[in-house]
Amino acid sequence: MPAKLPPLSSLRVFEAAARHGSFTRASEELGMTQAAVSYQIKILEERVGTPLFLRKPRQVCLTETGERIAPIITEAFELLRAAFVMAEDTSHNLLFITTVTTFATNFLAERIGNFQILHEDLAVRLDTSMALVDFTREDFDIGIRSGDGKWPGVEAHLLIPASFSPMLSPDLAQSVGGIEKPEDLLKLPLIDASDPWWKLWFESVGVQSKELRGNKRSRMGIQMLEARAAEAGQGVAILTPTFYRDALERGTLIQPFNHICCDEGRGYWLVYPKARRNIPKIKKFRDWLLNEVKEHQCPV
């Protein structure tokens, strides 16, 4: 078995006393009484089995053994100090964000550069995942997640409500002579026909349909893939308009009806640990993102 190290508190006192050549100055640096310094040195000497300092009336000097170990212990503490400086710099200058893919692709990616221009001192690291993150176990500062916002231990700010409306490619719409009324959508295959948003939207416009065209057993899982399939003319997708303003402006997708539904209480949320809400880098990103959403969000 490797030998047990002496108490770190005693080593810390020894390092300061050896560096200053004085118990008094060591006590001042460490915020301890001189008696406490002497006691910690005594503990260390008993552990080593030999004196480390020669006590003289107005000064202390290292013994031969003390001279041998002092440089090594000083170097060890310098390495520890450097490690924590590095950790502090990394913590302050890196912003780790975990986000769902749809939000990252359709909103954050095209805007995050503006945040970095405003805050050149921060480097951003993005991770896309659908999994919920345990902030106490993983190295993330901020998360963007979809759901109801009711997650324990985190602050949650609603970014974009779970709003939705049918979208499709212009060519697919023309294949059935255009989409003039909601019932016309039923002539076409619906992407992810089992998605409950379809039922909610049709009911909200007064259309009752027990049969929706499309494979109800197939699911793409994320809006980004559904949107790409819709642009390729594979069917009609039920999408959040805020995410697809560019596609609507380009004309690769059309939203045939202005009517937009909301999945009450659900949406995309900015989350972070409550205990870290006042960390400067978190405050910077929170304020920036909330403002971006406010400026770019489609009306619901």
Side-chain angles (χ1 to χ4, degrees), residues 1-98 115-116 118-127 133-143 153-155 271-286:
M1 293 290 291
K4 288 180 62 177
L5 286 172
L8 187 60
S9 56
S10 296
L11 290 172
R12 182 166 172 258
V13 169
F14 171 80
E15 189 275 332
R19 181 161 33 86
H20 289 297
S22 167
F23 286 4
T24 301
R25 293 180 64 188
S27 68
E28 292 170 354
E29 177 183 312
L30 300 174
M32 303 168 66
T33 65
Q34 190 170 340
V37 168
S38 296
Y39 176 71
Q40 291 295 331
I41 296 297
K42 180 181 178 183
I43 290 175
L44 191 59
E45 289 177 329
E46 289 177 351
R47 176 61 185 275
V48 176
T50 187
L52 299 173
F53 289 95
L54 295 175
R55 278 76 166 173
K56 296 182 179 181
R58 294 189 178 181
Q59 65 176 346
V60 293
C61 298
L62 288 167
T63 64
E64 184 178 346
T65 301
E67 290 278 7
R68 285 203 306 269
I69 68 172
I72 299 171
I73 293 174
T74 296
E75 182 180 3
F77 272 93
E78 285 301 321
L79 287 171
L80 287 173
R81 290 187 187 99
F84 280 97
V85 167
M86 186 186 303
E88 188 176 75
D89 287 345
T90 299
S91 176
H92 288 170
N93 298 328
L94 284 179
L95 182 67
F96 290 89
I97 304 170
T98 174
F115 174 78
Q116 294 186 298
L118 290 172
H119 303 285
E120 294 181 351
D121 57 317
L122 286 176
V124 176
R125 301 288 185 271
L126 280 179
D127 176 81
V133 166
D134 183 346
F135 287 104
T136 65
R137 296 177 179 272
E138 300 182 56
D139 290 331
F140 291 109
D141 299 301
I142 284 178
V154 300
E155 293 279 357
V271 297
Y272 49 85
K274 289 182 177 180
R276 306 194 69 205
R277 58 181 172 271
N278 292 321
I279 298 295
K281 63 181 177 180
I282 290 178
K283 291 174 66 177
K284 289 175 182 178
F285 186 79
R286 176 191 65 208

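Atom set for the values below is all heavy atoms of this structure, side chains included, hydrogens, waters and symmetry mates excluded.
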Using side-chain heavy atoms (C-beta onward) and a distance below 4.5 Å, is Phe14 in contact with Ile43?
no
Do the side chain of Gln34 and the main chain of Thr24 share a donor and acceptor less than 3.5 angstrom apart?
no
Taking Arg55 for its side chain and Phe53 for its backbone only, find out whether a donor-acceptor pair lies under 3.5 Å.
yes
Using the side chain to side chain contact (heavy atoms under 4.5 Å, CB included) rule, take Thr63 and Thr50 through it: C-alpha gap first, then chi angles, then the decisive distance, then the call.
CA-CA 9 Å; Thr63 64; Thr50 187; 5.8 Å; no
Heavy-atom count around Glu75 CD within 6.0 Å, excluding the residue itself: above 12?
no
Minimum side-chain heavy-atom gap Arg12-Leu80 below 4.5 Å:
no
Scan for salt bridge (charged side-chain N to carboxylate O under 4.0 Å, His left out) pairs involving residues 25-41, sequence neighbours excluded, and state none if there are none.
Arg19-Glu29
Nearest heavy-atom contact between Cys61 and Lys56 is SG-NZ, 4.0 Å
Check: Tyr272 ring centroid to Phe285 ring centroid under 6.0 Å:
no
If we only count heavy atoms from C-beta on, is the Val13 to Tyr39 side-chain gap below 4.5 Å?
no
Going by heavy atoms in the side chains, are Ile279 and Asp141 under 4.5 Å from each other?
no
Going by ring-ring contact (aromatic ring centres under 6.0 Å, His included), name the residues that satisfy it together with Phe140, two or more places apart in sequence or in a different chain.
none
How close do Gln116 and Val124 get, heavy atom to heavy atom, and via which atoms?
NE2-N, 3.4 Å
Please tell me if the side chains of Lys274 and Arg277 come closer than 4.5 Å, counting only heavy atoms from C-beta onward.
yes
Mind checking the NE2-CD spacing from His20 to Glu15? Nearest 0.5 Å is all I need.
8.0 Å
